[in-house]
Amino acid sequence: MASVSYKKSYRCVKSLQQFYTGGPYAVSSDGSFIVCTCEDSIKIFNSSNSSIRATIGGDSEQITALALGPNNDILFSSSHSRQIIVWDLCTLQKIRSWKGHDGPAMGMACDASGGLLATAGADRKVLVWDVDGGFCTHYFKGHKGVVTCIMFHPDPNRLLLFSGSDDATVRVWDLVTKKCIATMEKHFSAVTSLAVSEDGGVLLSAGRDKVVNLWDLSDYACKITVPTYEVLEAVCVIHSGNTFYSCLSSCKSGKDRSGPPAFYFVTVGERGIVRIWNSEGAVCLFEQKASDVAFSSDSDDLRRGFTAATMLPSDQGLLCITADQQFLFYSARKGTEEAFDLILGKRLIGYNEEIVDMKFLGEDEDLLAVATNLEQVRVYDLSSMSCSYVLAGHTDIVLCLDTCISSCGKTLIVTGSKDNSVRLWDSVSKQCIGVGVGHMGAVGAVSFSKKRRNFFVSGSSDRTLKVWSFDDLSIDSEEPNNLKAKAVVAAHDKDINSVAVAPNDSYACSGSQDRTACVWKLPDLVLATTLKGHKRGIWSVEFSPVDLCVVTASGDKTIKMWALTDGSCLKTFEGHTSSVLRASFITRGTQFVSCGSDGLLKLWTVKTNECNATYDQHEDKVWALAIGKKTEMLATGGGDAVINIWHDSTAADKEEAFRKEEEGVLRGQELENAVLAADYAKAIRIAFELRRPHKLFELLSELCRKNEAEGHVRDALQDLGKEELRLLLEYIREWNTKPKLCHVAQFVLFQIFTLLSPMEIVEVRGISELLEGLIPYSQRHFSRIDRLERSTFLLDYTLTGMSVIEPEIDDREVKRARMEVKC
């Protein structure tokens with residue numbers, strides 16, 4: 001058999017972080033990025049793959065409103081602190097801030113010029129601000145409740161401002177006369193969203209009274225009321241020229257009636273479905289047959305359906321935001337029989353809560369099934385880090401999952417939940433094909449068979465193990481089949497945390513909170529051996545892919561390897577500082593990786609008992625660890641709601657080290673050639689690039705010994721950049737601490753201070769720390785020189801008194817003495 005090459009390092013290549021926890025958001029004018037709130041901070045992420053561009057720290061208060069400037073260079077934010085802040089998105093720095101409302105601002109809108117900002121307050125006021133000056137230009141009062149939404153008229157020539165409130169009214173404010181010119185009262189509940197038709201003649205208002213009102217902006221009369229029969233959260237107008245409009249126009253049946261031009265608009269709300277309406281006759285042109293929102297079993301209505309929607313610019317489709325922090329991107333197309341159809345193109349998850357388990361999915365392992373603190377399983381596409389689909393069916397939190405490709409070639413997922421059941425899913429049809437009921441407690445561990453792949457084992461908090469067969473399952477049936485347990489055993493004295501099946505399907509192993517792991521013969525679950533030795537509960541068990549041994553991870557901070565033949569402990573691995581939660585074999589069983597409550601991921605070699613590498617990419621417990629069977633890439637997830645994807649970088653790191661070494665040899669030869677050619681400026685520059693402080697000191701020492709040393713040193717230093725200058729000052733700080741090297745250090749330091757102005761020196765990064773390290777040793781050197789000079793005066797006096805040396809006589813005294821002799 002070919003020798004196995006050990007893995008020495010992994011590199012985190014992708015990371016799915018939380019970026020949205022609910023609340024306000026803003027989409028850029030080109031749709032390339034979205035700004036949203038994440039707890040008390042602001043996240044800016046790419047709409048293509050949810051990668052975070054930047055994070056802006058808030059003022060530790062919940063953000064209540066966000067708005068972007070028309071050029072995407074300025075961001076406005078407000079929080080419960082009532083502070084309105086203007087941010088520069090290029091530098092991520094605060095430009096200015098001010099307070100205006102007596103309560104938090106619930107909405108914001110920036111006009112087309114970017115010079116005015118309108119804010120809707122919980123204090124029932126509508127204020128308009130000059131962005132550059134930060135002063136209030138308009139102060140509007142009149143609403144009797146919290147102002148919930150606000151928008152400028154899209155036509156910059158019509159200086160109008162619209163506001164909606166939970167007093168069920170919509171008000172129109174004239175920015176020229178600074179007065180309310182219309183109060184529209186047709187709603188019976190809070191107004192949640194406003195929109196203006198493309199021609200600017202109709203205002204649409206949606207409310208929680210389940211209707212959309214269309215207002216004629218020429219006389220501010222209600223043209224029509226559209227009943228939607230659901231609580232609405234957003235209304236959007238579809239502009240001509242995009243795909244939605246063209247598909248709707250081509251699919252629209254019937255002849256156009258005479259009258260004002262019709263337009264299309266979208267409504268979303270508590271039902272979690274998208275509906276498209278025609279303003280002419282209030283006809284619903286399209287309604288989704290099924291919601292793409294995975295509804296929670298929680299009775300809290302605030303967690304249901306859509307909370308916001310917007311039509312994306314540049315014909316990028318429709319964006320809908322759900323109550324469970326998902327961003328759904330829809331595109332339009334013509335379906336069968338020339339009917340309009342809506343396609344979910346992308347689903348970005350803003351917040352995953354705690355990651356409890358995950359497994360790679362598919363032949364190419366390009367999907368990742370993730371179980372979080374929810375009733376659904378989310379399947380992610382690793383190329384775009386977007387959620388491909390959601391498996392919904394459990395009525396309580398999913399605690400564990402496993403994946404496999406069955407003997408008939410189907411990709412299957414099995415899940416265990418707090419609802420005491422196990423479910424079998426087909427990843428192609430995205431449907432539940434089997435339900436296993438029988439456990440009396442939460443199912444905390446599941447594992448597929450590895451060889452025959454026609455059964456799986458489950459472990460529960462009821463302390464029992466069950467073997468479930470799906471060999472004779474009818475996969476094509478519409479309703480889920482009832483799975484039957486082929487074997488059951490009372491396995492442990494406490495909760496079962498982990499289950500594993502041997503590669504040859506002859507054994508199963510279970511780990512429990514009772515500090516033991518038990519090995520069972522399959523298929524009848526006959527006890528083969530009990531593994532005792534851990535001092536805390538066992539969180540993870542796994543069989544070696546090549547040897548008759550099992551690895552266990554425990555809450556006692558250790559990982560142990562056990563022999564299957566007699567149950568003896570072969571090796572103990574120590575290194576984690578807290579409970580070890582997962583351990584899995586890689587590299588044909590010669591290595592394994594582990595993760596734990598300390599947030600660390602560790603790579604171990606079995607033969608040497610050594611930890612080869614430690615990675616700290618999580619801020620909380622790492623509950624989940626997935627290993628790619630083919631690629632051996634890793635995925636980790638934990639309590640910080642972050643999913644990290646790791647690739648083996650051993651070969652890449654080795655190649656990079658070889659390349660750097662080769663480049664270093666070539667540059668080193670260049671350095672020697674420059675020294676021989678007396679091109680000291682080039683030699684110093686190369687020494688900086690190679691980070692060779694000893695060689696740099698030799699060059700500077702040689703320059704100092706030359707005639708006109710000051711000029712040579714200045715010529716060498718004047719081409720240095722700010723970063724190279726900082727590096728040189730760091731080297732000088734080190735040289736200055738040694739008496740043998742301090743003379744050159746002081747000479748070069750004097751030339752730097754002579755060459756550069758004080759302003760240029762202050763601009764050097766970290767200059768204060770560097771000077772703090774230079775000053776004490778410089779004072780010590782000058783004190784020593786001063787003592788030495790004073791000591792030489794005593795020597796001169798002694799030698800003069802002994803007539804060993806003649807006393808120094810001034811030249812004028814000598815001339816005077818000679819004149820006296822002549823006279």
Just say parallel, tilted or perpendicular for the rings of Phe162 and His153, cut-offs at 30° and 60°.
tilted
Check: Ile273 main-chain N/O paired with Gln288 side-chain donor or acceptor under 3.5 Å
no
Which value, rounded to the nearest 0.5 Å, describes the distance between Lys43 atom NZ and Ile63 atom CD1?
12.5 Å
Mark yes when over 12 heavy atoms from residues, nucleotides or ligands other than Lys99 sit less than 6.0 Å from its NZ; otherwise mark no.
yes
Do the charged groups of Lys125 and Asp102 touch, with an N to O distance under 4.0 Å?
yes
Between the side chains of His80 and Thr64, is a donor N or O closer than 3.5 angstrom to an acceptor N or O?
no
State, yes or no, whether a side-chain contact exists between Met311 and Asn242 at a heavy-atom distance under 4.5 Å.
yes
Atom of Arg53, atom of Ser32 and distance for their closest heavy-atom approach:
NH2-OG, 3.8 Å
Using the ring centroid of each side chain, check whether Tyr264 and Tyr245 are separated by less than 6.0 Å.
yes
For Tyr25 together with Phe45, are the ring centres under 6.0 Å from each other?
no
Taking the side chain from Asp419 and the backbone from Thr395, do they hold a donor-acceptor pair closer than 3.5 Å?
yes
Over 60° means perpendicular and under 30° means parallel, so tell me whether Phe340 and Phe286 are parallel, tilted or perpendicular.
perpendicular
Would you give the length of the straight line joining atom CD1 of Ile42 to atom OG1 of Thr37, rounded to the nearest 0.5 angstrom?
8.5 Å
Report yes if some heavy atom in the side chain of Val398 is under 4.5 Å from a heavy atom in the side chain of Leu374; otherwise report no.
no
Is the number of heavy atoms from other residues, nucleotides or ligands within 6.0 Å of CZ (Phe188) greater than 12?
no
Could you report the tightest heavy-atom contact between Ala105 and His101, atom names first, then the distance?
CB-CD2, 4.4 Å
Arg82/Glu61 salt bridge by N-O under 4.0 Å criterion:
no
Row check, Phe329 ring normal vs Lys346 NZ/CZ: under 6.0 Å, within 45°:
yes
Mark yes or no: Lys210 above the aromatic ring of Tyr229, with NZ or CZ under 6.0 Å from the six-membered ring centre and no more than 45 degrees from the axis.
no
Side chains of Trp623 and Glu354: any donor to acceptor distance under 3.5 Å?
yes
With Asp111, which residues qualify under side-chain contact (heavy atoms from CB on, under 4.5 Å), at least two apart?
Ser113, Leu116, Phe152
Taking atom types as modelled, is there a side-chain donor on Arg171 or Thr183 under 3.5 Å from an acceptor on the other?
yes
Thr137 vs Trp129 side-chain heavy atoms within contact, under 4.5 Å
no
Does a donor on one side chain and an acceptor on the other come within less than 3.5 Å for Ser97 and Gln83?
yes
Within this structure, what is the CG-CG distance for the pair Leu285 and Asn278, rounded to the nearest 0.5 Å?
5.0 Å
Considering all heavy atoms of both residues, which atom of Val211 and which atom of Pro227 are nearest to each other, and what is their separation?
CG1-CA, 4.1 Å
Measure the spacing between CD1 of Ile349 and CD of Gln326 and express it to the nearest 0.5 Å.
3.5 Å
Determine whether the side chains of Glu198 and Ser240 contain a donor N or O and an acceptor N or O closer than 3.5 Å.
yes
Heavy-atom donor-acceptor pair, Thr322 side chain to Gly305 backbone, under 3.5 Å
no
Nearest non-hydrogen partners of Ser291 and Val293, listed with the distance
OG-N, 3.0 Å
Atom pair CD1/CG of Ile181 and Leu160 - distance to nearest 0.5 Å:
5.0 Å
Derivation and outcome, side-chain hydrogen bond (donor to acceptor under 3.5 Å, both in side chains), residues Asn352 and Tyr380:
CA-CA 12 Å; Asn352 266 314; Tyr380 284 88; 2.9 Å; yes
Compute whether any side-chain donor of one residue and acceptor of the other, for Tyr351 and Asp324, lie under 3.5 angstrom apart.
no
Do Ile52 and Ile44 come close enough that some side-chain heavy atom pair is under 4.5 Å?
no
Check the angle between the aromatic planes of Phe306 and Tyr330 and answer parallel, tilted or perpendicular using the 30° and 60° thresholds.
perpendicular
Rounded to the nearest 0.5 angstrom, the CG-CG distance for Asn71 and Leu68 is 10.5 Å
Do Asp166 and Val191 have side chains that get closer than 4.5 Å, going by heavy atoms?
no
Ser193 side chain to Val235 backbone, donor-acceptor under 3.5 Å
yes
Would you say the side chain of Leu117 lies within less than 4.5 Å of the side chain of Ile84, judging by non-hydrogen atoms?
yes
In terms of side-chain geometry, is the basic nitrogen of Lys418 or Glu375 positioned less than 4.0 Å from the acidic oxygen of its partner?
no
Does the plane of the ring in Phe140 sit parallel, tilted or perpendicular to the ring in Trp173? Use 30° and 60° as the thresholds.
parallel
Donor-acceptor under 3.5 Å (Thr148 side chain, Gly164 main chain):
yes
Hey, mind stepping through Cys38 and Tyr20 against side chain to side chain contact (heavy atoms under 4.5 Å, CB included) and telling me if it holds?
CA-CA 5 Å; Cys38 184; Tyr20 181 61; 5.9 Å; no
Less than 4.5 Å apart, side chain to side chain, heavy atoms only: is that true for Asp640 and Gln18?
no
Let's go through Asn72 and Ser29 carefully: what are the C-alpha distance in whole Å and the side-chain angles of both, what is the deciding distance for side-chain hydrogen bond (donor to acceptor under 3.5 Å, both in side chains) to 0.1 Å, and is it a yes or a no?
CA-CA 7 Å; Asn72 301 324; Ser29 59; 2.7 Å; yes
Please find the pair of heavy atoms, one from Ala195 and one from Val237, that lie closest to each other, and give the distance.
CB-CG2, 3.9 Å
Considering only heavy atoms from C-beta outward, does the side chain of Val126 approach that of Thr119 to under 4.5 Å?
no
Restricting to non-hydrogen atoms, name the atom on Ile355 and the atom on Val642 that form the minimum distance, rounded to 0.1 Å.
CG1-O, 4.3 Å
Please list all pairs passing the side chain to side chain donor-acceptor pair (under 3.5 Å) test where one or both residues lie in residues 308-319, with sequence neighbours left out.
Thr243-Asp315
Judged by atom type as modelled, is there a donor-acceptor pair below 3.5 Å linking the side chain of Thr21 to the main-chain atoms of Glu39?
yes
Passes side chain to side chain contact (heavy atoms under 4.5 Å, CB included), Val212 versus Thr267? Steps please.
CA-CA 9 Å; Val212 176; Thr267 61; 3.8 Å; yes
Test applied, side-chain contact (heavy atoms from CB on, under 4.5 Å); reference residue, Ile643; option that passes from Thr372, Leu382, Leu368:
Leu368
Worked verdict on Ser48 versus Asn46 for side-chain hydrogen bond (donor to acceptor under 3.5 Å, both in side chains):
CA-CA 5 Å; Ser48 58; Asn46 292 319; 5.2 Å; no
Carboxylate-amine/guanidinium contact Asp174 Lys179, below 4.0 Å
no
Determine whether Thr169 and His187 satisfy the following criterion, side-chain hydrogen bond (donor to acceptor under 3.5 Å, both in side chains), listing intermediate values before the conclusion.
CA-CA 7 Å; Thr169 64; His187 286 283; over 6 Å; no
With no hydrogens and no angle check, is any side-chain donor or acceptor of Arg347 less than 3.5 Å from a backbone partner on Asp292?
yes
